Amino acid sequence: AELAKASCCGLGYAALALTEAALGHAVAARRALDEAVRQSPLLERDPVGFWARFQTSPDVIARLNAALAKAGLKMPQGFTASSAQHGPRS
């Protein structure tokens, strides 16, 4: 995940954030998440839309967002895990 940090659009740091969160490294996860959001504010505003840009399936989007929530991502009001099944919010 460290090697992916240079990826565009916050993707690398988002991957690092969910990896660090899975390993129980809360501070590192939050730091990576903050950088991902800085690079792509869409991640915070519309996490489903963020992942959909990479042609990610709704099931995978739901799992990625659940992992990012463990890193500290606050899901937008009205967001549920099933929101990913319905595509990006307008």
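Given the structure is predicted, the values throughout are model-derived calculations rather than measurements.
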What distance do Y13 atom OH and L43 atom CG have between them, rounded to the nearest 0.5 Å? 14.0 Å
CG on L18 to CG on L23, rounded to 0.5 Å: 10.0 Å
Minimum heavy-atom separation for S40 to C9, with atom names? CB-O, 3.1 Å
L73 vs P47 side-chain heavy atoms within contact, under 4.5 Å: yes
For I61 and A52 the tightest heavy-atom approach is CD1-N, 3.9 Å
Shortest non-hydrogen contact from A29 toward A21: CB-N, 3.5 Å
Salt bridge (charged side-chain N to carboxylate O under 4.0 Å, His left out) filter on R30, not counting sequence neighbours, yields D34
For the residue pair W51 and L42, establish whether any side-chain heavy-atom pair is separated by less than 4.5 Å. no
Do any pairs count as a salt bridge (charged side-chain N to carboxylate O under 4.0 Å, His left out) and have a residue in residues 60-73, sequence neighbours left out, and if so which ones? D59-R63
Measure the spacing between CE of M75 and CG of L68 and express it to the nearest 0.5 Å. 6.0 Å
Given 3.5 Å as the limit, does a donor-acceptor pair link the side chain of Q39 with the main chain of G10, or not? yes
Nearest atoms (heavy-atom pairs only) where A36 meets A14: CB-N, 3.6 Å
Should L64 and F54 count as side-chain neighbours, where that means a heavy-atom distance under 4.5 Å? no
